Chemist: 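Quick one: the structure is below, and I'll ask about it shortly.
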Amino acid sequence: EAILDENSIEIRFLENIDDQVTFQVKDQLGNIIFQDVILTPNEQETYKIDLKGYRVGHYELLYIEEDMTLTGEFEIE
């Protein structure tokens, strides 16, 4: 579950994950502007991505597990 507020995206893990998780934020040109790998997400129930300093525009949030990628879109105005 991901929640967007004015300055951040908060991701809540709803179940234990046995493998590593990668988070990416891509701009509207497809450039990766943020990436982080979490090795033990089952021990961390929430993860926060700071959006301060991001320019106005359209972005994608990618949640990547070993065999699955989930993509969400958000806008900074």
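All of these numbers come straight from a predicted model, not from anything done at the bench. Only this structure's heavy atoms are used, side chains among them; waters, hydrogens and symmetry mates stay out. By convention here, the first residue in the shown sequence is residue 1.
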Chemist: Same cluster or not: L62 versus L39, using hydrophobic residues (I, L, V, M, F, W, Y) connected whenever any side-chain heavy atoms lie under 4.5 Å apart?
Modeler: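 Looking at the clustering, L39 is in a separate group from L62.
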Chemist: To the nearest 0.5 Å, tell me how far I3 CD1 sits from I9 CD1.
Modeler: 11.0 Å
Chemist: Nearest 0.5 Å please: distance from the CD1 atom of I32 over to the NZ atom of K26.
Modeler: 5.0 Å
Chemist: So which heavy atom on K48 is nearest to which on S8, and how close?
Modeler: CE-OG, 3.1 Å
Chemist: For I33, does its backbone N or O pair with a side-chain atom of N31 as donor and acceptor, under 3.5 Å?
Modeler: no
Chemist: Using 0.5 Å steps for rounding, measure from the CG atom of L70 to the CD atom of E65.
Modeler: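 Rounded to the nearest 0.5 Å, the CG-CD separation comes out at 7.5 Å.
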Chemist: Apply side-chain hydrogen bond (donor to acceptor under 3.5 Å, both in side chains) to Y54 and list each qualifying residue two or more places apart in sequence or on a separate chain.
Modeler: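 Expected list: none.
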Chemist: Can you list the residues that meet the salt bridge (charged side-chain N to carboxylate O under 4.0 Å, His left out) rule with E10, with sequence neighbours excluded?
Modeler: R12
Chemist: Would you name the heavy atoms of T22 and Q35 that are closest together and state the gap between them?
Modeler: CG2-CG, 4.0 Å
Chemist: With Y47 as reference, evaluate F23, F13, Y63 under the ring pair (Phe, Tyr, Trp, His ring centres under 6.0 Å) test and give the passing residue.
Modeler: F23
Chemist: For the atom pair CG (L4) and CD (E75), what is the distance rounded to the nearest 0.5 Å?
Modeler: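 Rounded to the nearest 0.5 Å, the CG-CD separation comes out at 10.5 Å.
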Chemist: Who pairs with D50 by side-chain hydrogen bond (donor to acceptor under 3.5 Å, both in side chains), at least two apart in sequence or on another chain?
Modeler: none
Chemist: Any side-chain heavy atom of I11 within less than 4.5 Å of one from I49?
Modeler: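 I11 vs I49: side chains touch.
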Chemist: So Y59 and L51, do their side chains get closer than 4.5 Å, heavy atoms only?
Modeler: no
Chemist: With a 4.5 Å heavy-atom cut-off, do I64 and V21 have their side chains touching?
Modeler: no
